[in-house]
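Just so you know, ligand 1 is whichever comes first in the structure, and atom 1 is the first atom listed for that ligand. Values below: all heavy atoms of this structure, side chains included; hydrogens, waters and symmetry mates excluded.
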Amino acid sequence: MQPEHQATPLAPVQDYPRSDAELGGNMKPKASRREEKSSKFLVYVLLIMVIQGTLLLVFGSIFLRPRTPGFELGSSVRVRNLMYTTNSLSPSFNFTLVTSVAVKNTNFGVFRFDNTTGTVWCGPVIVGEFKIPTGRAPARTTERLDVSVDVSSLRVLNTTSLSSNISYGLLELSSHVRLSGKLNIMNIMKRRRHPQLNCFMKLNFTGASVHDLRCD
Ligand SMILES: *[C@@H]1O[C@H](CO)[C@@H](O)[C@H](O)[C@H]1NC(C)=O
Ligand SMILES: *[C@@H]1O[C@H](CO)[C@@H](O)[C@H](O)[C@H]1NC(C)=O
Ligand SMILES: *[C@@H]1O[C@H](CO)[C@@H](O)[C@H](O)[C@H]1NC(C)=O
Ligand SMILES: *[C@@H]1O[C@H](CO)[C@@H](O)[C@H](O)[C@H]1NC(C)=O
Ligand SMILES: *[C@@H]1O[C@H](CO)[C@@H](O)[C@H](O)[C@H]1NC(C)=O
């Protein structure tokens with residue numbers, strides 16, 4: 001009974017190394033080839049993901065990046081119907097400024113803006129107001145709008161300074177207008193943007209013209 005018992009456990013022990021050697025000899029190259037293939041596949045997938053990510057990033061930064069539209073004054077500002085008196089008791093002036101503004105939309109999407117009111121100032125006093133109607137600047141276009149402002153000294157109360165300014169012949173004016181609009185880029189990127197236009201100029205009474213115009 002005992003030798004039989006000993007024989008049975010020994011037999012498999014002797015068998016295993018042989019079968020291991022046989023199996024191992026055949027299996028190992030196949031497995032590493034499969035591993036090589038799958039790791040190559042993984043590298044390709046990662047590469048494609050990186051390329052896709054880069055393309056998306058480039059696409060996004062070029063086409064989807066919201067840029068605040070430019071807001072500029074037209075090249076000329078004309079003065080119409082200028083009237084003024086230097087009478088030191090009741091000095092006054094009134095005129096109409098005629099110009100245009102341009103909304104420069106460099107985005108790959110439409111910019112729709114609400115109506116707004118611009119102001120013209122003489123020192124700390126508002127001397128004129130102008131309306132900009134609701135509008136839109138389509139993708140990558142410049143929308144031009146005519147602007148005409150009636151300016152009058154009615155609200156200027158300091159007759160001393162007004163009289164001296166008119167008789168000096170130059171009046172410093174500034175104007176301010178702020179647009180409020182929504183940028184819509186391919187229905188993906190939607191942003192509110194507020195382009196502003198601030199200008200400074202000098203009105204020459206004798207020449208009925210505008211000097212030293214600058215905007216920022
Ligand atoms: C414009 O100014 C002139 C002279 O200062 C004045 O006689 C006239 O009444 C003013 N007109 C208006 C509409 O304010
Ligand atoms: C925009 O237009 C509406 C309706 O005409 C008006 O009630 C509103 O005061 C305007 N807004 C500005 C800022 O001019
Ligand atoms: C009016 O303007 C003059 C000259 O600019 C100045 O000296 C004076 O203080 C002003 N008066 C008022 C009430 O602001
Ligand atoms: C009026 O004249 C004074 C002094 O000449 C100057 O400092 C001031 O800026 C002028 N104001 C306007 C609105 O032109
Ligand atoms: C105003 O305009 C007149 C005529 O164009 C010119 O002779 C004058 O020099 C101008 N005044 C100033 C202060 O620039």
Ligand 1 atoms in contact with Tyr84 (distance to a heavy atom under 4.0 Å) = 5 (O)

Can you figure out which of Thr159, Asn158, Val156, Thr160 has its heavy atom closest to atom 6 (C) of ligand 3?
-> Asn158

Backbone of Thr160 reached by a side-chain donor or acceptor of Ser163 within 3.5 Å = no

Closest non-hydrogen atom pair between Cys122 and Val127, with its separation = CB-CG1, 3.6 Å

Give the residue, atom name and distance (to 0.1 Å) of the protein heavy atom nearest atom 14 (O) of ligand 2.
-> Thr117 OG1, 3.1 Å

Is Thr68 reaching over with its side chain to a backbone N or O of Pro195, donor-acceptor style, under 3.5 angstrom?
-> no

Cationic N near anionic O, under 4.0 Å, Lys104 to Glu72 | yes

At a 4.0 Å threshold, what atoms of ligand 3 neighbour a non-hydrogen atom of Ser161?
-> 2 (O), 4 (C), 5 (O)

What's the shortest distance from atom 7 (O) of ligand 1 to any protein heavy atom, and which residue and atom give it?
-> Met83 CE, 4.5 Å

Taking Ser174 for its side chain and Phe200 for its backbone only, find out whether a donor-acceptor pair lies under 3.5 Å.
-> no

Would a search of protein heavy atoms around atom 11 (N) of ligand 1 find one under 4.0 Å away?
-> yes

Residue, atom and distance of the protein heavy atom nearest atom 8 (C) of ligand 1 read Asn94 ND2, 3.7 Å

Under 3.5 Å, is there a donor-acceptor pair linking the side chains of Thr134 and Asp114?
-> no

Which residue and heavy atom of the protein sit nearest atom 5 (O) of ligand 1, plus the separation | Ser92 OG, 2.5 Å

Do Arg78 and Ser76 have side-chain N/O donor and acceptor atoms under 3.5 Å apart?
-> yes

Got an N/O contact under 3.5 Å between Thr116 and ligand 2?
-> no

The protein heavy atom nearest to atom 9 (O) of ligand 2 is Asn115 ND2, 4.9 Å

